[in-house]
Amino acid sequence: MPNPVVHFEIMGADGPALQSFYRDLFDWKIDVNNEWQYGVVETGGEGGINGGVSGDQDSSARVSVYAEVDDLQAYLDKAERLGANVVMPVTDMGDFAIALFTDPAGNVTGLVKNSG
């Protein structure tokens, strides 16, 4: 199974300010109407992917990509064997589940699996 990048995330201490910045810069539609006030981004570009812009719980800044996989735990285990550290274990978000890890350089990368 290929593992395409299907989502991006831009996080920082001040989520609303970041959302405003990217909305104004690229004319992205950013919807924060959800229980986490997570800014769901619709880029509107052909061939691009959508993502999210939000505040981070620990106020750190990061840009991450999410790869779609068929077995979150298997890929999380494999990442750990290759030198990654788990940031977020497999977490059910309702329509999908995610997990996060840091690679050996410290980059935060996400895994996602749709619940369908």
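All values below were derived from every heavy atom in this structure, side-chain atoms included, with hydrogens, water molecules and symmetry-related copies excluded. Everything numeric in this text was worked out from a predicted model, so none of it was measured.
When all heavy atoms of Gly39 and Ser54 are compared, the pair lying nearest together is N-CB, 4.2 Å. Contact detail for Arg23 and Trp28: the closest heavy-atom pair is CG-O, 3.4 Å.
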Show me the donor-acceptor pairs within less than 3.5 Å that the side chains of residues 5-15 make with the rest of the protein, sequence neighbours left out.
{"unit_1": "His7", "atom_1": "NE2", "unit_2": "Tyr38", "atom_2": "OH", "d": "3.0"}
{"unit_1": "Glu9", "atom_1": "OE1", "unit_2": "Arg62", "atom_2": "NH1", "d": "3.0"}
{"unit_1": "Glu9", "atom_1": "OE1", "unit_2": "Arg62", "atom_2": "NH2", "d": "3.1"}
{"unit_1": "Glu9", "atom_1": "OE1", "unit_2": "Tyr66", "atom_2": "OH", "d": "2.8"}
{"unit_1": "Glu9", "atom_1": "OE2", "unit_2": "Tyr38", "atom_2": "OH", "d": "2.9"}
{"unit_1": "Glu9", "atom_1": "OE2", "unit_2": "Tyr66", "atom_2": "OH", "d": "3.2"}
{"unit_1": "Asp14", "atom_1": "OD1", "unit_2": "Ala17", "atom_2": "N", "d": "3.1"}

Would you be so kind as to tabulate the donor-acceptor pairs closer than 3.5 Å made by side chains of residues 76-92, with sequence neighbours excluded?
{"unit_1": "Asp77", "atom_1": "OD1", "unit_2": "Gln73", "atom_2": "NE2", "d": "2.7"}
{"unit_1": "Thr91", "atom_1": "OG1", "unit_2": "Pro89", "atom_2": "O", "d": "2.7"}
{"unit_1": "Asp92", "atom_1": "OD1", "unit_2": "Gly94", "atom_2": "N", "d": "2.7"}

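In this structure the side chain of Glu68 never reaches within 4.5 angstrom of the side chain of Phe96, judged on heavy atoms. Looking at Lys113 and Asp71, their side chains never come closer than 4.5 Å, going by heavy atoms from C-beta outward. Side-chain contact between Gln19 and Val32: present, with at least one pair of heavy atoms (C-beta onward) separated by less than 4.5 Å. Looking only at side-chain heavy atoms (C-beta outward), Asn34 and Val40 come within less than 4.5 Å of each other.
The OG atom of Ser64 sits 8.5 Å away from atom CG of Asp56, with the distance rounded to the nearest 0.5 Å. In this structure, CG in Leu111 is found 6.0 Å from CG in Leu72, a value given to the nearest 0.5 Å. Rounding to the nearest 0.5 Å places CG of Asp70 at 5.5 Å from OH of Tyr75.
For CG of Asn33, the number of neighbouring non-hydrogen atoms (other residues, nucleotides, ligands) closer than 6.0 Å is 12 at most.
Criterion: ILVMFWY side-chain heavy atoms under 4.5 Å apart, direct or through other members. Under it, Ile49 and Val112 are not part of a common hydrophobic cluster. By the rule that hydrophobic residues join a cluster once side-chain heavy atoms approach within less than 4.5 Å of another member, Ile30 and Val63 end up as members of one cluster. No path of Ile, Leu, Val, Met, Phe, Trp and Tyr side chains, each step under 4.5 Å between heavy atoms, connects Leu18 with Trp36, placing them in separate hydrophobic clusters.
Between the side chains of Thr109 and Asp103, no donor N or O sits under 3.5 Å from an acceptor N or O.
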